[in-house]
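First comes the structure, then the notes that go with it.
Every number for a ligand or one of its atoms is a count from 1 in the order of the listing. In what follows, residues are counted from 1 in the order of the sequence shown.
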Amino acid sequence: MRIKLSVFIALLVATVAVLPASVVAYMFYQQMHIAVEQTTKQNLALQSSLTGEKLTYRMEVLLSGLALFAREKGEAEFELSTKREINNRLRQFLNTYRIVNSLYLLDAKGQVVTGIGAAKKHVIKENFAAKPEFSIKPEPHGSFIFFDNSQLVHSVENPYGVAIITPVFNKRHELTSYLLSIIPSQDLPQLIGKHSKQFKVAFYHQGSWLAGDYWEANADINDYIHDIDIGLPNYGNLLSVSIHIAEPADRLMFAVEEAMTPIYGVGATLCLATLLFSFFIARYITASLSRFYQHINSLQAGVKDDYHPKFWVVELHNLYQIFNKMQLTIGQQLSNLQSKNSELKQADILRQQYLSQVESLNKELEEKVQERTQTLEETLKLVEESSVVLERVIRYRRELQGLDNIAVIELTLKYLKQSLPQMDMALIIQGDRYHQAAMKQTQAVFDLEQVLNKSMALGEEQWHQGVSALDDGTPVLRLGRNGSGLGCLALKQMPSSQFQHCLLMFVKELGSYLEIRKLTAELDFLARTDALTQLGNRKLFDETLEGFETQLDTEVGLFIIDVNGLKQVNDNKGHEVGDALLQKVAELIRHCSGGITDKCFRLGGDEYAIILAGDELKQSQTLYKRLLEEQPKMNFAFDVMGGYSGFSCSIGFASTANTIFSMLYSVADQNMYQVKREHYRDARTKKMA
Ligand SMILES: Nc1nc2c(ncn2[C@@H]2O[C@H](COP(=O)(O)OP(=O)(O)OP(=O)(O)O)[C@@H](O)[C@H]2O)c(=O)[nH]1
């Protein structure tokens, strides 16, 4: 039989469609099985719990009954009753609680007094206390005893039972006796009443079967164990019982089957419906596709056919056109998107460039700010240092006052070394012994003579405001203003500009100090020098003489020399000639006192003075003699009082050897006038002669 292609494809599609349905059905079955199993287990747990609750409740009712009975009977003084009365009461209790099959009264030592029950004839005569399982404990509280005694439970098949020992107290709370209740374990199921036939129930104590259904544990049985402990506060131990409850496996299977039955039907129907639906749909689609294919072939072959497309083919065609349009639109959108993307990328590149520019500008700015901050910090530091240097300069200025050149050099170098401790330097001050001090400071470093000569030889244009350099490169700083030639500071290396500034401050200070000192010295000299004769003037004379006033052990001698007839010279020859005469006299005095003393003065007008002190006095005669001898040799002739020519002086002398110091001048002056008078007398005599 030939099967059409469309039918074959439809069958294939239907089969493929049914497969997942079968898998789903199988999984559903599995899940159902697990669910039923879990439900069964939960049911078993519930049942066993319920059973335990029931057993506990019934046993507690019984125990409470026993306690009540013991209290009532204990207070009614059991021991006072006859055995018959006691038995009647025990029987009444048994009738109320039928689960107890025997009830005995024991005395306080555990000896059976009397009792009612199935095993009465077996145990009544025996001593319960002697049996290990019934040993009465010394404590006056109740206890549970599991035993294995077919006689007591009156059953050979199931010899197990539970004995309950309940203490009995009298009104004075004294233990008088015990009640012994026997419960055969075979009666335990009665306590829980009827239970569903679908479950098996059994009671165990410490792994030993007591009562109920007995079954071997195996895989086909679902069972559940529930342990219960029953007890009351006045009991010394607990009644421990395990309740085993089970449901056979075939029951579980049955339950699963039962649950699945309707689903099987639904599943099968679904599968069949899927099969049929898939088949017809596939058949329909393949048939129309095949007709469509034939139509295309006919079109290609140029054959006309009466093809009418099915509505879904039209729909498909429409769908295709929609897709086509969508494709076009989406393509356009995509190209738009692409161009936007490229624009965005371009913008991104520009942004990146801008950002990097901003970043580099920021960096530059940061560097500038840092640079500025550094400069500022340096300036601040400089200002700080400058103020420190300024303080030092002020201190230096104070300390400079009144020092000689050596001390000045030492002090200056000490201050400069504070700022430039590592720098070798030499300070040269023109004048007295400058180089010894400088050499001391910088012995092996400079050739001071050479430095001085070279620095003095520097032309004005080579001197700079700051540090100048010699031809060998030695840095030098000049002391004082242009042309003052006070000296210089020579350095081994060129200092940094910061230190140059510091050095300049000190050097300027030193220069101005030296200049002032020099000017002061010049002024001083001028103030104490006679301008015409260059001898010391009256002021210097007074100071010199006063200087000796306090030197009491030094002998002082004084010559007063006065020119004779100066007025006439002035009058006759003119003032210039008078001046020349005064200068000649000064020369004479300087000449005669040479090698003896340099303390020669012009006191004013035509009056001169020579001071001798100490050893100089030894040559006073020599000096006097020289003055007398040298006067006529002076080549200065003029007429005095019309006829007299030649030059002469009147000389007076006094010494502290023969007069007091305060009278020294006036004595010398008087002596001089005495000589002058004699001179004029002689002159008059000569003239008259
Ligand atoms: N050329 C000149 N004459 C002076 C100077 N100082 C004072 N005289 C003059 O010296 C003269 C001093 O006169 P006197 O005291 O009489 O001295 P004298 O003429 O030498 O007479 P005797 O001292 O008595 O010998 C005065 O005429 C002064 O004017 C001076 O610096 N130059």
Side-chain angles (χ1 to χ4, degrees), residues 522-545 557-594 597-612 620 623-655 659 663-689:
E522 277 171 16
L523 278 175
D524 202 40
F525 175 77
L526 286 175
R528 287 167 177 76
T529 307
D530 177 56
L532 186 68
T533 60
Q534 302 304 311
L535 289 178
N537 62 10
R538 179 86 197 200
K539 180 175 167 60
L540 184 63
F541 169 76
D542 288 342
E543 283 172 1
T544 310
L545 204 60
L558 175 65
F559 283 97
I560 297 290
I561 304 159
D562 194 285
V563 178
N564 297 330
L566 177 64
K567 189 176 182 301
Q568 282 181 327
V569 174
N570 279 336
D571 293 346
N572 299 333
K573 301 283 179 181
H575 242 266
E576 287 78 20
V577 178
D579 284 351
L581 176 61
L582 289 172
Q583 284 170 334
K584 276 272 180 191
V585 176
E587 263 175 48
L588 170 79
I589 290 170
R590 229 182 261 120
H591 172 72
C592 294
S593 61
T597 182
D598 56 354
K599 296 186 277 295
C600 306
F601 312 89
R602 180 186 169 214
L603 302 183
D606 58 353
E607 192 174 87
Y608 296 82
I610 301 170
I611 297 173
L612 298 177
S620 57
L623 177 59
Y624 187 61
K625 214 170 140 192
R626 274 189 200 170
L627 286 169
L628 290 179
E629 283 172 4
E630 290 297 318
Q631 278 180 53
K633 292 179 191 171
M634 276 183 67
N635 188 18
F636 202 91
F638 51 90
D639 293 333
V640 180
M641 292 196 284
Y644 179 76
S645 68
F647 160 78
S648 68
C649 301
S650 301
I651 303 168
F653 177 75
S655 129
T659 183
M663 294 298 290
L664 193 64
Y665 177 78
S666 59
V667 171
D669 198 43
Q670 281 169 20
N671 288 342
M672 183 275 289
Y673 272 111
Q674 180 62 38
V675 173
K676 195 177 272 284
R677 275 193 295 275
E678 283 170 14
H679 165 74
Y680 279 114
R681 198 176 51 232
D682 290 350
R684 269 196 298 273
T685 312
K686 272 183 191 174
K687 195 178 173 186
M688 285 167 66

[atom]: nearest protein contact (heavy atom, Å):
| atom | result |
| --- | --- |
| atom 21 (O) of ligand 1 | Tyr680 OH, 3.7 Å |
| atom 17 (O) of ligand 1 | Asp606 OD2, 3.5 Å |
| atom 32 (N) of ligand 1 | Asp579 OD1, 2.7 Å |
| atom 7 (C) of ligand 1 | Gly605 CA, 3.7 Å |
| atom 30 (C) of ligand 1 | Leu582 CD1, 3.4 Å |
| atom 27 (O) of ligand 1 | Lys567 CG, 3.2 Å |
| atom 31 (O) of ligand 1 | Arg602 NH2, 3.1 Å |
| atom 18 (P) of ligand 1 | Leu566 N, 3.5 Å |

Main-chain N/O of Lys599 paired to Thr597 side chain as donor or acceptor, under 3.5 Å |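 Yes.
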Quick test of your reading of the model: are Glu543 and Arg528 salt-bridged, counting only N-O distances below 4.0 Å?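 Yes, Glu543 and Arg528 are salt-bridged.
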In the structure I gave you, are the side-chain heavy atoms of Leu558 and Ile610 within less than 4.5 Å of one another anywhere?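 When only atoms from C-beta onward are counted, Ile610 and Leu558 do not touch, as no gap falls below 4.5 Å.
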**Asked** Do Ile560 and Leu603 have side chains that get closer than 4.5 Å, going by heavy atoms?
**Response**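 Ile560 reaches Leu603 side chain to side chain.
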Check for me whether Arg677 has a heavy atom closer than 4.0 Å to any atom of ligand 1.
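The answer is no: ligand 1 sits nowhere under 4.0 Å from a heavy atom of Arg677.
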[X] heavy atoms, cut-off 4.0 Å: which ligand 1 atoms fall inside?
| X | result |
| --- | --- |
| Asn564 | 20 (O), 25 (O) |
| Asp562 | 23 (O) |
| Gly578 | 1 (N) |

Margin query: I want to confirm something. Looking only at heavy atoms, which of Val563, Asn570, Leu581 is nearest to atom 29 (O) of ligand 1?
Written below: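 Among Val563, Asn570, Leu581, the closest heavy atom to atom 29 (O) of ligand 1 comes from Asn570.
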- Query: Can you find an N or O of Gly565 that's nearer than 3.5 Å to an N or O of ligand 1?
  - Reply: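 Yes - when backbone and side-chain N and O of Gly565 are compared with those of ligand 1, one distance drops under 3.5 Å.
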Practice item. Identify, with sequence neighbours excluded, every residue that meets ring-ring contact (aromatic ring centres under 6.0 Å, His included) alongside Phe541. Key: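 Only Phe601 meet the ring-ring contact (aromatic ring centres under 6.0 Å, His included) criterion with Phe541.
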- Query: Side chain, backbone, both or neither: which part of Lys676 comes within less than 4.0 Å of ligand 1 when only heavy atoms are counted?
  - Reply: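 For Lys676, only side-chain atoms sit under 4.0 Å from ligand 1.
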Original post:
How does Asp571 reach ligand 1, if at all, at less than 4.0 Å between non-hydrogen atoms: by side chain, backbone, both, or neither?
Top reply: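 The answer is neither; Asp571 stays 4.0 Å or more away.
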Could Arg538 and Tyr665 be counted as a cation-pi pair, given that NZ or CZ must be under 6.0 Å from the ring centre and within 45° of the axis?
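Here Arg538 passes the 6.0 Å and 45° test against Tyr665.
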Can you give me the closest heavy-atom contact between Asn564 and Ser648, atom names plus distance?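 Minimum heavy-atom separation between Asn564 and Ser648: ND2-OG, 2.9 Å.
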- request: Please name the pair of heavy atoms, one in Ala654 and one in Val667, separated by the smallest distance, quoted to 0.1 Å.
  value: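 That closest heavy-atom pairing would be CB-CG1, 3.7 Å.
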For residues Ser666 and Asp669, is any side-chain donor paired with an opposing acceptor at under 3.5 Å?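 There is no such pair between these side chains.
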(request) State which residue, out of Gln670, Arg677, Lys676, fulfils the side-chain hydrogen bond (donor to acceptor under 3.5 Å, both in side chains) condition with Gln674. (result)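 Among Gln670, Arg677, Lys676, the one meeting side-chain hydrogen bond (donor to acceptor under 3.5 Å, both in side chains) with Gln674 is Arg677.
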